[in-house]
Amino acid sequence: MRCFELISKWSCVLGLWWLCCSAIAAQSAQLAISCGALGIQLTLCQEGVEAWSRRTGTDVKVVATPNSSTERFALYQQILASHSPDIDIFQIDVVWPGTFAPHLVDLSQYIGNDFTKQFFPTMIHNNTIDGALVAMPWYTDAGVLYYRSDLLEKYGEAPPKNWQQLTTIARKIQQAERDAGNPRMQGFVFQAKGYEGLTCDGLEWIDSFGGGTIVSSAGKVTIHNPQSIAALELAASWIGDIAPQGVLNYDEEASRGVFQSGNAVFMRNWPYAWSLGNAPDSPIKGKIGVIALPKGGEQGHHSGTLGGWQLAVSRYSKHPKLAADLVRYLTSYAEQKRRAIAASYNPTIKSLYQDEEVLEAVPFFGTLYQSFENAVARPSRVTGSQYARVSAEFYYAVHDILSGKVAAAPALESLHKKLVRLSRGEQW
Ligand code: GLC
């Protein structure tokens, strides 16, 4: 099958790259941590790690991983399957604890309830598999809508409440700005490349129309329904109208590139794009608004996919206690506060949402608190180790619909059948 062939091709390339990096890491350091490198993420990770190293005198190697969650997953799978001790701490996606649990240390033997009780209980629950706390929540995420406040004001428009309004406003401003001399202006950019990010965007569209969560929390495949079809038909109509054809190959950073260079009215992205968009050298500094993603019509509701990253200690680490101490430090109140202020990473400690310095740096952590708390989860818990396959089938189907290769109704009907087959019955 196309997606799994692709994943394995990637694993090969990434595996070789990784073996090379981690061998270098192991030679010189006592611990190695894998961190994301999106935006200024790697620098932030390095700063946190260095602060802990200074305190403890422990040398730590920070190893960058690919931006795409899908590619990172394939890479981790390979490393963990080989039981390699080269990487002690893995930064893992919110949808992976179930899959990687057998390879991870139970952190509750090193990190007590006095520490974990500060965190959102739902996140601790997500990371607790068969009674073992396999990861600590580092930062959380939810999809939000960014808009150019200066452009909306210029054209006398209010921020959209539903997707239909967004479509109309985006089309109007895109045309007016093109007529005024910017042929590159786009109405709306988002993540429509075939990867985990499209699962997040697609789930938001469908959930906002009341079309469910692909597989329900009870394990029933629910994807083929009129609301899902309507949501994806609307999204497909954006391609070549308010969104460029190229969006079919955009990930988070590609969409941010277009928006931040001043060439898009709206963008769907995660909160990290806020502080980068308002950086001193950003052309759109001070011209950005952030609101909840639009509702799917009058009957729908605001939605935002739950994302976020955790820190987990490998079962093959030679220094699990030391590694757990670094995890504790990186997920602490002070370190999460630093990351929230410097780079708008959403804290996983509840009281940080009442911290005045945090709210001053990222006001929408306060105004959109409900969206973060009620973000819609991908069906990873119920599908467990099968989640990556479920997600891949979903994002390939959505990509085909958006590309105009197949209409939404037959595509979702066939996706439904594939997922039912994968579940080996009507229910997971
Ligand atoms: C963000 C989210 C993560 C999601 C990914 C998809 O990094 O935090 O949960 O899987 O985007 O691209």
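Numbering of ligands and ligand atoms starts at 1, following listing order. Just so we're clear, the structure is a prediction, and the values are computed from it rather than from any experiment. FYI, side chains are in, hydrogens and waters are out, and symmetry mates aren't considered; it's all heavy atoms of this structure.
Between Ser314 and the choices Leu80, Asp88, Ile79, the side chain to side chain contact (heavy atoms under 4.5 Å, CB included) rule is met once, by Leu80.
Among residue pairs with one or both ends in residues 232-244, those qualifying as side-chain hydrogen bond (donor to acceptor under 3.5 Å, both in side chains) are Thr167-Trp238, Arg171-Asp241; sequence neighbours excluded.
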Need the list: ligand 1 N/O atoms against protein N/O atoms, distance under 3.5 Å, rounded to one decimal.
unit_1: ligand 1; atom_1: 7 (O); unit_2: Trp309; atom_2: NE1; d: 2.9
unit_1: ligand 1; atom_1: 8 (O); unit_2: Asp141; atom_2: OD2; d: 2.5
unit_1: ligand 1; atom_1: 8 (O); unit_2: Gly308; atom_2: N; d: 2.8
unit_1: ligand 1; atom_1: 8 (O); unit_2: Trp309; atom_2: NE1; d: 3.1
unit_1: ligand 1; atom_1: 9 (O); unit_2: Asp93; atom_2: OD1; d: 2.6
unit_1: ligand 1; atom_1: 9 (O); unit_2: Gly308; atom_2: N; d: 3.2
unit_1: ligand 1; atom_1: 9 (O); unit_2: Arg378; atom_2: NH2; d: 2.8
unit_1: ligand 1; atom_1: 10 (O); unit_2: Asp93; atom_2: OD2; d: 2.5
unit_1: ligand 1; atom_1: 10 (O); unit_2: Arg378; atom_2: NH1; d: 2.8
unit_1: ligand 1; atom_1: 11 (O); unit_2: Glu252; atom_2: OE2; d: 3.3
unit_1: ligand 1; atom_1: 11 (O); unit_2: Trp270; atom_2: NE1; d: 3.1
unit_1: ligand 1; atom_1: 12 (O); unit_2: Glu252; atom_2: OE2; d: 2.6

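Using a 30° and 60° split on the angle between ring planes, Tyr369 and Tyr353 fall in the perpendicular class, above 60°.
Under a 3.5 Å cut-off, the side chain of Asn269 and the backbone N or O of Glu252 do form a donor-acceptor pair.
We find that Glu47 and Arg339 are not joined by a salt bridge, their nearest charged nitrogen and carboxylate oxygen being 4.0 Å or further apart.
In this structure, Arg268 satisfies the cation-pi test against Trp270, with its NZ or CZ atom closer than 6.0 Å to the six-membered ring centre and inside 45 degrees of the ring normal.
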